[in-house]
Colleague: 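Okay, handing you the structure first.
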Amino acid sequence: MSSSDIKQAVAAVNRGPQAEPKSGAVQAGDHVGKYEILSELGRGNCGVVYLAHDPFVDRKVAIKLANPAPGASAPSIAENEFLAEARSAGRLQHPNIVGVYDAGVHQGQHFLVMEYVDGRTLGQIPSDELSPSRVVEIAYDCARALGYAHRANVLHRDIKPDNVIVREDGTAKVMDFSIAAVMQNQKFRPGVVLGTPKYMAPEQIAGVTMGPLSDLYSLGAVMYYMLAGRAPHLASSRPELLRLIQCERAVPLRKRRPDLPPRLDDIVDRLLELDPAKRYPSGDELATELLKVWDRRSGVKTQGQLSKPARRLAELPFAALMSPAEVEEFMAAGKVRTFSSGEVVAGKGHNSALIYVLIVGEIQLGEHPGVGLAPGHVFGHLGPPDETFPPLNARSITSGAVLEVSHEALEQCSVGCRFRVFQACTFMLHEQLLQCL
């Protein structure tokens, strides 16, 4: 992998005036905790990101090391707050969120260990690559990520182009949940505005209580940036910029881009409402509205956007109504298990609170002669996560593979994904009942 590729994978550096190297900055070969520093990836106002090696799992990771807070002592309020935010972000497991693996303090500096992602941030993608349909796809992934995080009671607080990275396969991932804002203000002075001003919600600037709708405003500002080539508000000074965001609506996109679909313009306009109550109530609802503008299930790029395991699932009747993002999300919620001919796939001793989707092979469900299941069939128990179920009796007729998804994992999926799964299960049940008549 070239150095330029590595630099493009950096997702957690705030762009802006380049900071001078700090005394005592780590160098290649140094260690931050157990992680060996390989090289510097990028430098911003609030810290430096390094490429590092995790010896425990033998993988490359990105480490964000915050600039030291003047006069800070450890343990401090800042340290406790940072670690609490990192712990919350680390619990987020979603295909459209950059994973957080670890966090700590190194010689008085907070550090964050993140998933290494090969791609480009929105700030690095030329505007001529951001067609309206591409913008909708990116916004859809971000909306799903925010919907999931908000259900887990985690706010982002700093949605901006440099905190969204797009992989080569087209998947967008949001990074730095609740971390960047904390690192920018480690002393937590009352009244200090956290975040990146051009993309902040009016209530965030005013210092009133933030919520999920504040993140959705910021996503609307990022969509505006992608479609118009500039942020919703620009000013010659920071005070004037903050005043504009609080008091004035952005110029409607239709005046800057009359070629845009009217529905897309309406979506961005609603996201940028000054009154939070007038915005979309959730990321999930926003994602549903975006599908009405551009549904990539009908696009020719559909198969190319899926990973190899998900591609096989997407070809089955079970996933006929799922978007590529929903297929990937459902795959990420479970695990693929291969089996040999004659093997007990589900039975006594297995977790009964699972649903199974047969991807490859044939399975016999029940006693002889039982019910023969082919690829695409679903079986298992689909009920409340805390319910107990009798064991299944599923034995393979041939070798193959099955996707196993627990009830708890399914509950963490987006509303849209869960709806498609339930819809597919209902259809399969209907088909099996018809065969019994």
Side-chain angles (χ1 to χ4, degrees), residues 4-18 42 44 96 98 117-146 156 158-176 180 195-200 215-236 241 244-245 249-272 286-287 289-291 293-296 299-301 304-305 325:
S4 61
D5 289 332
I6 293 174
K7 290 180 180 178
Q8 289 178 351
V10 181
V13 177
N14 291 311
R15 301 296 188 261
Q18 295 299 298
N96 298 119
V98 173
V117 180
D118 186 13
R120 295 177 294 172
T121 66
L122 290 181
Q124 296 171 321
I125 298 178
S127 58
D128 59 2
E129 293 184 26
L130 294 172
S131 64
S133 61
R134 190 73 195 95
V135 170
V136 170
E137 292 175 350
I138 292 171
Y140 175 82
D141 287 347
C142 294
R144 292 175 61 250
L146 291 177
H156 190 286
D158 196 21
I159 292 290
K160 60 183 180 180
D162 286 335
N163 275 338
V164 178
I165 190 167
V166 182
R167 298 189 320 199
E168 292 302 316
D169 66 359
T171 302
K173 284 176 169 272
V174 180
M175 62 200 75
D176 262 9
T196 304
K198 286 191 293 187
Y199 303 96
M200 288 191 298
D215 281 345
L216 293 182
Y217 178 98
S218 296
L219 178 55
V222 170
M223 291 180 66
Y224 194 104
Y225 161 82
M226 289 191 285
L227 293 165
R230 48 159 287 173
H233 296 285
L234 297 177
S236 58
L241 174 62
L244 287 174
I245 294 173
R249 295 292 305 277
V251 175
L253 270 175
R254 65 179 70 92
K255 293 187 177 182
R256 302 189 185 277
R257 290 282 307 273
D259 60 309
L260 294 178
R263 188 188 291 269
L264 179 56
D265 177 76
D266 291 341
I267 288 175
V268 176
D269 197 52
R270 182 175 175 183
L271 287 170
L272 295 179
L286 170 60
E289 286 299 307
L290 288 168
L291 283 179
V293 180
W294 170 255
D295 190 342
R296 55 184 145 189
V300 296
K301 297 181 293 182
Q305 291 178 346

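Everything numeric in this text was worked out from a predicted model, so none of it was measured. No hydrogens, no waters, no symmetry mates; every other heavy atom, side chains included, goes into these values.
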Colleague: Counting only N and O atoms by type, is there a donor-acceptor contact under 3.5 Å from the side chain of R254 to the main-chain atoms of P262?
Modeller: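 Looks like no, no N/O pair under 3.5 Å.
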
Colleague: Using side chain to side chain contact (heavy atoms under 4.5 Å, CB included) as the criterion, list what pairs up with P126, not counting sequence neighbours.
Modeller: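 Checked P126 against side chain to side chain contact (heavy atoms under 4.5 Å, CB included); matches are R120, D128, E129.
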
Colleague: How long is the span from the CD1 atom in I165 to the CD atom in Q124, to the nearest 0.5 Å?
Modeller: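 Those atoms lie 7.0 Å apart.
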
Colleague: Any side-chain to backbone donor/acceptor pair from E289 onto L286? Under 3.5 Å, distance only.
Modeller: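 No, E289 side chain to L286 backbone: no donor-acceptor pair under 3.5 Å.
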
Colleague: Testing the basics here: between I245 and P197, what is the closest heavy-atom pair and its distance to 0.1 Å?
Modeller: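 Here I245 and P197 meet closest at CD1-O, 3.1 Å.
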
Colleague: Would Y217 and M200 count as a side-chain contact (heavy atoms from CB on, under 4.5 Å) here? Give the steps.
Modeller: CA-CA 7 Å; Y217 178 98; M200 288 191 298; over 6 Å; no

Colleague: Is there a side-chain contact (heavy atoms from CB on, under 4.5 Å) between E137 and D141 once you walk through the steps?
Modeller: CA-CA 6 Å; E137 292 175 350; D141 287 347; 5.8 Å; no

Colleague: Any side-chain heavy atom of V174 sitting closer than 4.5 Å to one from H156?
Modeller: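 SC-SC contact between V174 and H156 confirmed.
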
Colleague: Could you check whether any side-chain N or O of R270 sits under 3.5 Å from a backbone N or O of D265, counting only pairs where one atom can act as donor and the other as acceptor?
Modeller: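 Checked: no pair found.
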
Colleague: Looking only at non-hydrogen atoms, find the nearest pair between L122 and Y225 and report the distance.
Modeller: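 Taking every non-hydrogen atom into account, O-OH, 3.9 Å.
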
Colleague: Is it the case that R230 and Y224 place a side-chain donor and acceptor less than 3.5 Å from each other?
Modeller: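 R230 vs Y224: no donor-acceptor pair found between side chains.
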
Colleague: Report yes or no: does N96 contribute a side-chain atom to a donor-acceptor pair with the main-chain N or O of A172 at less than 3.5 Å?
Modeller: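 The answer is yes, because a donor-acceptor pair under 3.5 Å joins these two groups.
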
Colleague: Between the main-chain N or O of V164 and the side-chain N or O of T121, is there a donor-acceptor pair closer than 3.5 Å?
Modeller: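 Judged by distance alone, no pair lies under 3.5 Å.
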
Colleague: Would a 4.5 Å heavy-atom cut-off, applied to side chains only, mark D269 and R249 as touching?
Modeller: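 Yes; the side chains approach each other to less than 4.5 Å.
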
Colleague: Can you name the closest pair of heavy atoms from G170 and R134 and give their distance?
Modeller: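 Taking every non-hydrogen atom into account, O-NH2, 2.6 Å.
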
Colleague: Work out which heavy atom in G220 is nearest to a heavy atom in V268; give both atom names and the distance.
Modeller: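 Where G220 meets V268 most closely, the heavy atoms are O-CG1, 3.8 Å.
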
Colleague: Enter the distance from N163:CG to C142:SG here, rounded to the nearest 0.5 Å.
Modeller: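 If I round to the nearest 0.5 Å, the distance is 10.0 Å.
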
Colleague: When you look at NZ of K173, are more than 12 heavy atoms from neighbouring residues, nucleotides or ligands closer to it than 6.0 Å?
Modeller: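 Atom NZ in K173 is crowded, with more than 12 foreign heavy atoms closer than 6.0 Å.
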
Colleague: Could you go through D176 and D162, starting from their C-alpha distance and side-chain angles, then the distance that decides it, and tell me whether this counts as side-chain contact (heavy atoms from CB on, under 4.5 Å)?
Modeller: CA-CA 10 Å; D176 262 9; D162 286 335; over 6 Å; no

Colleague: Would you mind reporting whether Y199 and I159 have side-chain heavy atoms less than 4.5 Å apart?
Modeller: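 Not touching, per the 4.5 Å side-chain cut-off.
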
Colleague: Taking all heavy atoms of L272 and all of A221, pick out the closest pair and write down the distance.
Modeller: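 Smallest heavy-atom distance, with atoms named: CD2-N, 3.5 Å.
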
Colleague: Hey, are the side chains of P132 and R257 touching, using non-hydrogen atoms and a 4.5 Å cut-off?
Modeller: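 A side-chain contact under 4.5 Å exists here.
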
Colleague: Give, for atom OG1 of T171 and atom CD1 of I138, the distance between the pair rounded to the nearest 0.5 Å.
Modeller: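 It is 10.5 Å, given to the nearest 0.5 Å.
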
Colleague: After noting the C-alpha distance and the side-chain angles of L227 and L260, does the key distance pass the side-chain contact (heavy atoms from CB on, under 4.5 Å) rule?
Modeller: CA-CA 9 Å; L227 293 165; L260 294 178; 3.9 Å; yes

Colleague: Of the non-hydrogen atoms in L234 and L244, which two are nearest, and what is the gap between them?
Modeller: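 Smallest heavy-atom distance, with atoms named: O-CD1, 3.6 Å.
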
